[in-house]
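Contents: one structure, followed by commentary.
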Amino acid sequence: MSTKTKKSQYNFQAIETKWRSHWEQENTYQTLGPGNPGFDDNKPKCYILDMFPYPSGAGLHIGHPKGYIASDIYSRYKRMQGFNVLHPMGFDSFGLPAEQYAIEHNIHPATVTEQNIDAMRSQLQFLGLSFDWTREVVTSQTSYYGWTQWIFAQLFDSYFDTGEVWEDGNGRQIKGRAKPIADLEAQFAAGRALSATDRQVLGTDTAWSALTTAQQQAVLNNYRLAYQQEAVVNWCPGLGTVLANEEVTNEGRSERGDFPVYRKPLRQWTMRITAYAERLLEDLDFELEDRNGAPFRLDWPEPIKRMQRNWIGRSEGAEVSFDVLDPQSDAVAGQLPVFTTRPDTLFGATFMAIAPQHPLVDPAGEAYLVPNAWPEETPEPWKGGGDSIREAVAQYVAQVAVSTADETKEKTGIFSGIYARNPVNEQKIPIFVADYVSMDYGAGAIMAVPAHDERDFAFATAYNLDIIKVVTGEEGRVEGWYAGEGTAINSPPVLKADGSPPRRGGDNPYTINGLATVEAKAQIINALVAQGRGQAEVNYKLRDWTFARQRYWGEPFPLATHPDGYSVAVEPPVVLPDLEDFRPETSDDPTQPVSPPLHRAGTEWTTVEIDGVACQRELNVMPQWAGSCWYYLRFIDPHNEEVFCDPAKEGYFMPVDLYIGGAEHAVLHLLYARFWHKALYDLGHVSTPEPFKKLFNQGMMTADAFQDERGVYIDIREVEFRDGEPVEKGTGKVLRRSFGKMGKRYKNGLPPEEVGEEFGVDTLRLYEMYMGPLEASAPWSMEGIRGMQRFLQRVWRNFVDSDRR
RNA sequence: GCCGGGGUGGCGGAAUUGGUAGACGCGGUGGACUUAAAAUCCACUGUCCGCUUAGGACGUGCCGGUUCGAGUCCGGCCCUCGGCACCA
């Protein structure tokens, strides 16, 4: 090749190498903020953030940078428009992915993480992305996670004052607020009465001052935003840890690793995210303001907002209290509260169903009411085949508990031998234990209205229970039940079945006949309130967030247990001890005891002296989401050793103007981060009620994948085409082609360097943007990229090279 | 089952408010340059009818509607991708 031809070639390698090193040496993309010398306060700011990656051993493939390229283009555009652009990058390095990789390759997670971060950083720099690398944060570094622990400590030291209605700095009224737990403690000391739950926890009703510290702490635990709770958790012995609901798949398996997950009661650190359910829901749509009073509304893709709304799952209805009758005497033995969204169908309630874990059928509990023998008139099918009723019920409960989380289509149940009385018509109705009722939603019990609910209908049909129609719909019934709105009838029945007048005549206070569903609901709730049998209630599907993991590679809790059994705060940072044996204790056996690896750290670490008392450190670690809940704040002030983020800088840069990342974080990261942010907002540590103003989900990169006859994926670089048939290069074996997401496990991704070196990074970047709309998924094509290369070559020849001649 | 996104050439995809459907790119065909190849450049490339030309018909998942005019608006369906799933 002659020198002349070479010169006229578009030499992307020379160009890209030159500018990469120039940008690096000059720190071209370093961003200044308040307090930095040379900072220009007159420039408007723009905070452009990417969801930071976790450093996996496989490194990045060409699908990953799609969002980074887009945010880079936007950042450069805003800089040219005169904005002070904050565009940082870091690594989410604690958590299961890094630890699983370390286990598989038998290297310490700290070593693996460091190696992987270095490799990924070079990959990102190779792509010419204009990140300010001086602001890099790594969530597994003590200088970072010390502040994660500090935020945890804020949550531990706070409670949610549900009743408080307050105005934020911009005059917006907000209901409920996180406040220092010391305030609550002071109220108790000043004579605030303990709640019923508090007294139940204590088992005593003495004055606050007369309680021991341990008793006081037991009460306060029930108010803290980070608290300990005995709850049924998702126990995954295959990973040796418990998981959040969000980390368990529909099939009842772990999102990571695909191990079976079992339900297990365990005392766990938990985040009171449910306290924020209403605000997390409202602020998806409200017009908000930043510190300067500039209005903003969350500009998020509607499907993501909808997913968050569904996840929070607000539903309005009523709590109704049914009398529970003593099986021997028929006297009122207690109350069975239920939650219903359709109080207007109370007259159609012909039986009740309670969760298998319900106290009424727990032999160890005080509320246990299952009689010694089946009531005389009990139909055979209700008995579930058992002889002794107590045995049969216990057996049923045990059997349901063993079955995994996945759904069985058939609804099953067993008669508890107990009856309840419907408050609106005084009717005696049977209480069933049923597997379609879950303990952790509503009251763990339902009133069943078979005529107007699909599940109740199926159950009533199977067990031959009464079906009474109390709503007429304009639409026809669907297979015997109708769940839509309509007009109330038979509420109460005008005439009894035999034509005689109804039992209670027309003076029934619950009468709603002829009313449309909406009015009927309101009317009957009023009546329930007047009779002291219930009230309007709102329920949420959202559960509190199980926050502890029995793993090694995570943030240790800044907590220890006092010899008297209560938790005390430990000053952060609590450094993760260097354990040689970091492996979790995994097993196939769901009954294996839970045992966090940090118990091997030795007493010099596990014991800590606080106020002269030797306390035991908390041995669990935080879940992988902890670090990503606030990294966007640390980017603003990454090297500050005094505070987690300087308020002046925070006020200048927040909120994040554009947040780009995948839709897979719609309900996990994005909900957790909003929750932490709101708690920090209440406590005065951040200036905006929401962290991310505009959210954009880039579509995923798809590609062909190839499997041999055993189903093993073959790396796409080992595949060639013969007569249009995909075959493995070495063996010539014919392969099966499938199409889907690009990923490590499908071996259908290419490292960006490989493509960049062959075609040029600018060509790669241009092609990724050219493939179609950013939000849509697009298939990678090795042919398509050539068009972009030709384009850049033409640009070079026509505009640059021609100048030289 | 419920909620949401999406169906346009051989392929990726364009078409701002209802106004020439298929921009741009890939692939394909033919040609130029070259000893040859690569690279590059030029032309053509929705389908069908028409020998060629001239021209014509059809065409945005399916059926119907509104309109002078529909990929775009309305009603009903089909397929596909994603989320949720006994939530009372």
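With sequence neighbours excluded, the residues that form a side-chain contact (heavy atoms from CB on, under 4.5 Å) with Ala705(A) are Tyr713(A), Ser738(A), Tyr746(A), Asn748(A). Under the rule for a salt bridge (Lys or Arg N to Asp or Glu O under 4.0 Å), the partners of Glu316(A) that lie at least two apart in sequence or sit in another chain are Arg314(A). Remark: Asp299(A) engages Lys694(A) in a side-chain hydrogen bond (donor to acceptor under 3.5 Å, both in side chains) (not counting sequence neighbours). Legend: residues meeting salt bridge (Lys or Arg N to Asp or Glu O under 4.0 Å) with Asp762(A), ordered by chain and number and at least two apart, are absent. Looking at residues two or more places apart in sequence or on another chain, you find no ring-ring contact (aromatic ring centres under 6.0 Å, His included) involving Phe339(A). For the salt bridge (Lys or Arg N to Asp or Glu O under 4.0 Å) test, no residue two or more places apart in sequence or in another chain qualifies with Asp456(A). Partners of Arg790(A) according to the salt bridge (Lys or Arg N to Asp or Glu O under 4.0 Å) rule, which considers only residues two or more places apart in sequence or in another chain, do not exist here. Under the side-chain contact (heavy atoms from CB on, under 4.5 Å) criterion, Gln81(A) pairs with Tyr77(A), Lys78(A), Phe83(A), not counting sequence neighbours.
When the side-chain nitrogen and oxygen atoms of Gln793(A) are compared with OP1 and OP2 of A39(B), none of them lie within a distance under 4.0 Å. A sub-4.0 Å separation between OP1 or OP2 of C86(B) and a side-chain N or O of Ser438(A) is absent.
Between the CG atom of Leu792(A) and the P atom of C26(B) there is a distance of 12 Å, rounded to whole Å. For Met788(A) and G27(B), the CE to P distance is 11 Å, given to the nearest whole Å. One atom, CD of Gln789(A), and another, C1' of A38(B), lie 13 Å apart when rounded to the nearest Å. Spacing between atom NZ of Lys411(A) and atom C1' of G1(B) amounts to 11 Å, rounded to whole angstrom units. Residue Leu766(A) contributes atom CG, which lies 12 Å from atom P of C26(B) at whole-angstrom precision. Between Asp456(A) atom CG and A88(B) atom P the separation is 12 Å, expressed in whole Å. Taking atom CD on Glu664(A) and atom C1' on C81(B), their separation rounds to 16 Å, with Å as the unit. As rounded to whole Å, 13 Å separates atom C1' of G28(B) from atom CD of Glu783(A).
Nucleotides C79(B) and G28(B) are separated by 36 Å at their P atoms, to the nearest Å. Look at the P atom in both A70(B) and C62(B): the space between them is 15 Å, to the nearest Å. Straight-line distance between the C1' atoms of C26(B) and C78(B): roughly 31 Å, to the nearest whole Å. Distance check on atom C1': C48(B) versus G9(B) gives 14 Å, rounded to whole Å. Between A15(B) and G22(B), the two P atoms lie 13 Å apart (nearest whole Å). Nucleotides G69(B) and A21(B) place their C1' atoms 14 Å apart, quoted to the nearest Å. A gap of 25 Å separates the P atoms of G19(B) and G25(B), to the nearest Å. Here the separation of G10(B) from C49(B), taken at their P atoms, is 15 Å to the nearest Å.
Enclosure of atom CZ in Arg736(A) is not indicated, since only 12 or fewer non-hydrogen atoms of other residues, nucleotides or ligands lie within 6.0 angstrom.
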Do any N or O atoms of the protein come closer than 3.5 Å to N or O atoms of nucleotides 41-45 of chain B, and which pairs are they?
unit_1	atom_1	unit_2	atom_2	d
C41(B)	OP1	Arg794(A)	NE	3.0

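Proximity note for Arg786(A) (side chain, C-beta onward) versus C84(B), A88(B), G27(B): the nearest is G27(B). The Trp311(A) side chain lies nearest to C84(B) when the options are C84(B), G83(B), A88(B).
Aromatic rings from Tyr767(A) and Phe759(A) are positioned such that their centres are separated by 6.0 Å or more.
The main-chain N or O of Val471(A) is found under 3.5 Å from a side-chain atom of His452(A) such that the two form a donor-acceptor pair.
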* **Nucleotide-resolved protein contact map, nucleotides 4-14 of chain B, B/S/- at heavy-atom distance under 4.0 Å** => S-------BSS
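Within the 4.0 angstrom heavy-atom criterion, base atoms lie near Val437(A). If you check every strand for non-hydrogen atoms under 4.0 Å, Ser781(A) touches nothing.
Between His669(A) and Phe692(A), the ring planes are tilted. Angles from 30° to 60° get that label.
Take the nearest nucleotide of RNA chain B for Asp453(A) and for Asn310(A): the residue whose nucleotide is more 5' is Asn310(A).
Secondary-structure annotation of RNA chain B gives the stems B:1-7 with B:78-84, B:10-12 with B:24-26, B:27-32 with B:40-45, B:46-49 with B:55-58, B:61-65 with B:73-77, with a stem taken as at least 3 successive Watson-Crick or G-U pairs whose two distances both fall under 3.5 Å.
Base orientation for G83(B): anti, the chi torsion being more than 90° from 0.
Residue pairs meeting the salt bridge (Lys or Arg N to Asp or Glu O under 4.0 Å) criterion with at least one partner in residues 339-357 of chain A, sequence neighbours excluded, are Arg342(A)-Asp344(A).
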